[in-house]
Q: 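Sharing a structure, written as structure tokens. Questions coming.
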Number of protein chains: 2
Amino acid sequence: MSVTIKDVAKNANVSIATVSRVLAGKKEAYSSSTERKVKKAIRELGYKKNTAAVELVTMHSNVIAVLVPTPKTNFAMKIIDSIQKGADMKNLNVIILFVGDNDEKMQIKALNNVIERPVNGILLISVELFGDAVNLLKNSDIPHVFVSTAIDKESQFVSSDDFKIGYEATKFLIEKGHKKIGLSSLEKNSFIGRQRVSGYLAALNDYHLPHSNDWIVEGDYSYESGFSAMQHYKENTDITAVIGASDLVAIGIINAAKQLNINVPNQLAVVSIDGTYLVDIVSPRVTSVTQSFFTMGETALNMLFADENAVSNYMYIPFKIDEREST
Amino acid sequence: MSVTIKDVAKNANVSIATVSRVLAGKKEAYSSSTERKVKKAIRELGYKKNTAAVELVTMHSNVIAVLVPTPKTNFAMKIIDSIQKGADMKNLNVIILFVGDNDEKMQIKALNNVIERPVNGILLISVELFGDAVNLLKNSDIPHVFVSTAIDKESQFVSSDDFKIGYEATKFLIEKGHKKIGLSSLEKNSFIGRQRVSGYLAALNDYHLPHSNDWIVEGDYSYESGFSAMQHYKENTDITAVIGASDLVAIGIINAAKQLNINVPNQLAVVSIDGTYLVDIVSPRVTSVTQSFFTMGETALNMLFADENAVSNYMYIPFKIDEREST
DNA sequence: ACACTTTGCGTAAACGTTTACAATGCCTAC
DNA sequence: GTAGGCATTGTAAACGTTTACGCAAAGTGT
């Protein structure tokens, strides 16, 4: 079988306790000559720690798990990037799991996989948990924070203030002179979707502008749903501006507009929400509500390890509006 | 502390062995009345398996690890997607780890993290391992296969035939009438980079066309490196076509060309390698050598569990050329 | 020379499972 | 009535670590 601490101990002529101490680097507990012997044995035998055994006895690991809906969520990568960097500094290992989108069974499977081992914490990026999955997580007493999403204000989360995003994006367009503004391809029943719609409506209201149900279209943040939303707008409305719920949605709208001979930005102004690198590689480059995904990841990681009582449950990360060529 | 199998046993009035058997679903080994008792106790106590203990005693887990260079590698997501789907069917859990790019220390750290637990297999997507990291992996006797990359033909890998990609992309452009063709932003010293360059040169040679060192530019598959490659071409060459080593590179070239008032495809034809969704959302839409990333992931997973002796070490996945607006 | 402290190391228990083996009771066949 | 078989359950060892505890040797201060 594989090399264990016992083999090392025998080879170095010390006890397993000593080997363990050298491994753990408890410097005050062994002499430098034993250290040499042990390290030599470790090298010669090619010894590898058995993490399962370690975790069993210590009841603790230095792993944090990051759950992401699907590999397609492109902004999530930016968040993961910052989590990874932060974790490296804290000497934590990060593992990422994709939980299927909209599938309670898959969510539960992924959650169980994570809960059944002693992970240090769980970060859920943009995943909306369903019924039983929520309870599973809540009852696990593993610290967890939601990132760029939330189920309610009781659980810990960090995200942008999506009400404000809806509001500011709308306000931005209103102040450019638009009066009929679409809001495209968000999930109306999700926490985030509701917030954004509220913000959007609040802005219209503050400026005494009417609104229409036809202006808000449901969707799933995808390129395709943006593309087809544009068809809907063309046929059913006379909006002059539209907010895409994600970069891809906005790009889908723009490309559909092109196909319909609608000029962006002259006949239709488009603002996207997210501001990933995509907005800069398409043409026209897309004006965006740019979220600080990097900060979001950092903050989430800190929140995970913060004293539970010291911090508030949730945290909003500032965003900004970057004007580009689509408005 | 947390609920263990002992608590369940006590609560259900059976031995821990019985609980374990019910948990494992060894149907022939217990009566349905005990099953009921045990399951009830499990539910009431909210018992969760301790994976560390299980893995310790069984010396085996149903986890496969996927290593990816950085969260930025956008085609990797497609591969991961298929791996995930395949793994779900096989009832395996997938964990993803990002190993830093070009950093031996990080690679070793990530590898150790994985090797030290009983993972079933390791898939390395597009990661080029450095010196010690290679040995670490080879000595671990954990089955592993490289995906969309390789270190040599001795280790198992699945990828496109990058020589052929270089050859076919070049041939495609030659047959469209181009004689001076650039190859942009690949890492000349990587396995893949060398293969593509060879294929490219072979095609030029087969058609009795000259080549120039100025036509091949080193880079890192990024948008930026494509962008700056274009400046180089404009200043130092008179090429009429260029192959971008990735979609982002090609898009960078196209956008830089736009800025330099070079019309694509009329003055410069551009072909990208990869063919992810990006080629369809920019304009002009990019002609691409489209790799079958989905198949690649599937195949890699199968190879991981195939009988070691039955299959050849490596496997090439077919690709195709999709002509779009950039040529 | 003595008592006390420090340094370095070993012994053994514990972590939560799985599983080989043994034990029990019951059933069937003679 | 006895032997053998089967179904169901329990006992205990094992997996590879960490760490509390204890002990010996060496050092220190008087």
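First the proteins, then the strands, lettered A, B, ... as listed; each starts at 1.
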Q: Where the side chain of B:Tyr30 is defined as all heavy atoms beyond and including C-beta, which of C:dT11, D:dT9, C:dT18 is the nearest nucleotide?
A: D:dT9

Q: Would you indicate what A:Lys49 reaches in the nucleic acid, counting non-hydrogen atoms under 4.0 angstrom: base, sugar-phosphate, or nothing?
A: sugar-phosphate

Q: Checking contacts here: which listed nucleotide (D:dA14, D:dT8, C:dC9) is nearest the side-chain heavy atoms of B:Ser31?
A: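 Output: D:dT8.
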
Q: As a test of reading the structure: which of D:dT19, C:dG10, C:dT17 is closest to the side chain of A:Ser15, going by heavy atoms?
A: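 Between D:dT19, C:dG10, C:dT17, the one nearest the side chain of A:Ser15 would be C:dG10.
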
Q: Can you check whether B:Ser20 has a side-chain N or O nearer than 4.0 Å to OP1 or OP2 of C:dT18?
A: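 Affirmative; the distance criterion is met.
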
Q: For B:Glu55, which contact category applies under a 4.0 Å heavy-atom criterion: base, sugar-phosphate, or nothing?
A: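 Nothing, no nucleic acid heavy atom in range.
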
Q: Could you check which of D:dT9, D:dT17, C:dG16 has an atom nearest any side-chain atom of B:Thr18?
A: D:dT9

Q: Between D:dT18, D:dT9, C:dG16, which nucleotide has the shortest distance from any of its atoms to the side chain of B:Thr34?
A: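 Nearest to the side chain of B:Thr34 among the choices is D:dT9.
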
Q: Look at the side-chain N and O atoms of A:Lys26 and state whether any lies under 4.0 Å from the OP1 or OP2 oxygen of C:dG8.
A: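 No.
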
Q: How bent is the helix from C:dA1-D:dT30 to C:dC30-D:dG1, measuring the angle between the end axes built from five pairs each, rounded to 10°?
A: 40°

Q: Looking at C:dA14, C:dG16, C:dT18, which one has an atom nearest to any side-chain atom of A:Val57?
A: C:dA14

Q: Select one nucleotide: of D:dT19, C:dT17, C:dG10, the one nearest the side-chain heavy atoms of A:Val14.
A: C:dG10

Q: Quick one: closest heavy-atom pair of A:Phe98 and A:Thr70, and the distance?
A: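 In this case the closest contact between A:Phe98 and A:Thr70 is CD2-C, 3.4 Å.
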
Q: Just by protein heavy atoms under 4.0 Å, how would nucleotides 20-27 of chain D read 5' to 3' in B, S and -?
A: B-------

Q: How close or far is atom P of C:dT17 from atom CD1 of B:Ile42, stated in whole angstroms?
A: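 Rounded to whole Å, this separation is 10 Å.
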
Q: Remember a base hit wins even if backbone is also touched, and classify B:Leu23 as base, sugar-phosphate or nothing at under 4.0 Å, heavy atoms.
A: nothing

